[in-house]
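Shown next, in structure tokens, is the structure this report addresses.
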Amino acid sequence: MRRTAGKLESWLGEKAAQLRSKDIRVETELTWHSPRYEAIIDKANKVNASLIIRSARHHSKLERLLVSATDWGKLIRHAPQTVWLVKKRPAADRTGLNVLAAVDPVHAEEKKLGLDQRILAAASSIADMDGGKLHLFHAWQPGAAIAPAIAAGPHVPMPIVRVDDATLKNMREQRKQLLRELSESFGVPAERVHLQEGAVTSVLDEVVHEHDIDVVVAGGMSRGRLERLVIGSTAEAILESVDCDVVVVKPEKRGK
């Protein structure tokens, strides 16, 4: 244990020294705790952090002792702070980051909490750091809405609700208008607004590759146990599907 702790302290010291050489104030702390995501959140709360940055890439054996055993899914689900999960290192000759804000302007709860505005504000700040470009993205699946399997039972066919063409057109136009309003409020040009039809993770991955996106900014909401069981976490699914960094933004805390 002492040998392992010594190696980790040395590794942390090296990383901190690299940052201090750039006139960045750095403090380090080595903690033994299980589950590890709880220790991260506890420390972030104690120092009043607004952002948690955690690696989501492949690690060496030594790095895995420090970070990779942490369940990042639980971290993004439980941390009240914005969480930045790092997967990709931008090219050395790149100036600015291509940042994509993944929004859901028709989700009633997210709209009520102003989550899309918070996502865009965070994405805009990241893009503005070094002259990057801000993209706006929304995906939806038209034509059929499938009821959760758990509602009908494991061996009962799931009902399909078909939508007529006129309704589909209205739904599409509604989304276009809502995206247009969001893009105009943050100065996103029309050529960088992406309204896609299909599963979020599938079409998002295509947009990420086509436009060389470095960072996807998405929302994370605390949902009920049943909903998480049926559909999972969109933010977690996005992280698994794209080969770039993912920033998960939370709604602003509501007063009691």
- Item | Minimum heavy-atom distance between Leu115 and Pro251, given as atom pair plus value | CD1-N, 3.7 Å

- Item | Non-hydrogen side-chain atoms of Arg192 and Leu136 separated by less than 4.5 Å | no

- Item | Whether Lys74 side chain and Ala79 backbone form a donor-acceptor pair below 3.5 Å | no

- Item | SB check Glu27 Arg25 (cutoff 4.0 Å) | yes

- Message: Checking Glu197 now: which residues fulfil side-chain hydrogen bond (donor to acceptor under 3.5 Å, both in side chains) with it, not counting sequence neighbours?
- Response: Arg172

- Item | Under 3.5 Å: donor-acceptor pair, side chain of Lys87, backbone of Leu239 | yes

- Task: Would you please test Val207 and Asp205 for side-chain contact (heavy atoms from CB on, under 4.5 Å) and show each step?
- Result: CA-CA 6 Å; Val207 172; Asp205 186 53; over 6 Å; no

- Message: Tell me whether Arg54 forms a cation-pi arrangement with Trp84, defined as NZ or CZ under 6.0 Å from the six-membered ring centre and within 45 degrees of its axis.
- Response: no

- Message: Are the side chains of Val246 and Val86 in contact, using a 4.5 Å heavy-atom criterion?
- Response: no

- Are any of the side-chain heavy atoms of Leu8 and Trp32 separated by less than 4.5 Å? yes

- Please confirm whether the backbone N or O of Lys250 pairs with a side-chain atom of Arg118, one donor and one acceptor, at under 3.5 Å? yes

- Name of the residue among Asp128, Asp130, Val215, Ile213 meeting side chain to side chain contact (heavy atoms under 4.5 Å, CB included) with Leu97: Val215

- Is it true that a side-chain atom of Asn98 and a backbone atom of Asp212 form a donor plus acceptor pair closer than 3.5 Å? yes

- Could you go through the side-chain contact (heavy atoms from CB on, under 4.5 Å) check for Val249 and Val217 one step at a time? CA-CA 7 Å; Val249 177; Val217 183; 3.6 Å; yes

- Message: Between Leu51 and Gln81, is the side-chain contact (heavy atoms from CB on, under 4.5 Å) condition met? List the steps.
- Response: CA-CA 6 Å; Leu51 174 67; Gln81 297 86 358; over 6 Å; no

- Note on the structure: Across all chains, not counting sequence neighbours, the salt bridge (Lys or Arg N to Asp or Glu O under 4.0 Å) partners of Lys169 are none

- For Val247 and Val216, what are the C-alpha separation, side-chain angles and deciding distance, and is it a side-chain contact (heavy atoms from CB on, under 4.5 Å)? CA-CA 6 Å; Val247 175; Val216 170; over 6 Å; no

- What one should report as the nearest heavy-atom pair of Pro80 and Ile41 is CD-CG2, 4.1 Å

- Tightest non-hydrogen contact, residues Ala139 and Gly198, listed as CB-O, 4.0 Å

- Taken in chain and number order and not counting sequence neighbours, the residues that satisfy side-chain hydrogen bond (donor to acceptor under 3.5 Å, both in side chains) with Thr31 are Glu29

- Who are the side chain to side chain contact (heavy atoms under 4.5 Å, CB included) partners of Ala127, not counting sequence neighbours? Val99, Leu134

- Item | Student check: side-chain heavy atoms of Trp140 and Asp104 closer than 4.5 Å | no

- Smallest heavy-atom separation, Phe137 atom then Val203 atom, equals CZ-CG2, 3.9 Å

- Message: Counting C-beta onward and ignoring hydrogens, is there a side-chain heavy-atom pair between Lys15 and Thr28 closer than 4.5 Å?
- Response: no

- Query: Residues two or more places apart in sequence or in another chain: which of them pass ring-ring contact (aromatic ring centres under 6.0 Å, His included) with His211?
  - Reply: His135, His194

- Query: Ile52 versus Ile40: any side-chain heavy-atom pair under 4.5 Å?
  - Reply: yes

- Query: Would Trp11 and Val26 show up in the same hydrophobic cluster when neighbours are defined by side-chain heavy atoms closer than 4.5 Å?
  - Reply: no

- How far does CG of Leu30 sit from CG of Leu12, to the nearest 0.5 angstrom? 6.0 Å

Donor-acceptor pairs under 3.5 Å, side chain of residues 178-191 to any protein atom, not counting sequence neighbours: which ones?
| residue | atom | partner | partner atom | Å |
| --- | --- | --- | --- | --- |
| Arg180 | NH1 | Gln177 | OE1 | 2.6 |
| Glu181 | OE2 | Gln177 | NE2 | 3.0 |
| Ser183 | OG | Leu179 | O | 3.2 |
| Ser183 | OG | Arg180 | O | 2.8 |
| Ser185 | OG | Glu181 | O | 3.4 |
| Ser185 | OG | Leu182 | O | 2.7 |

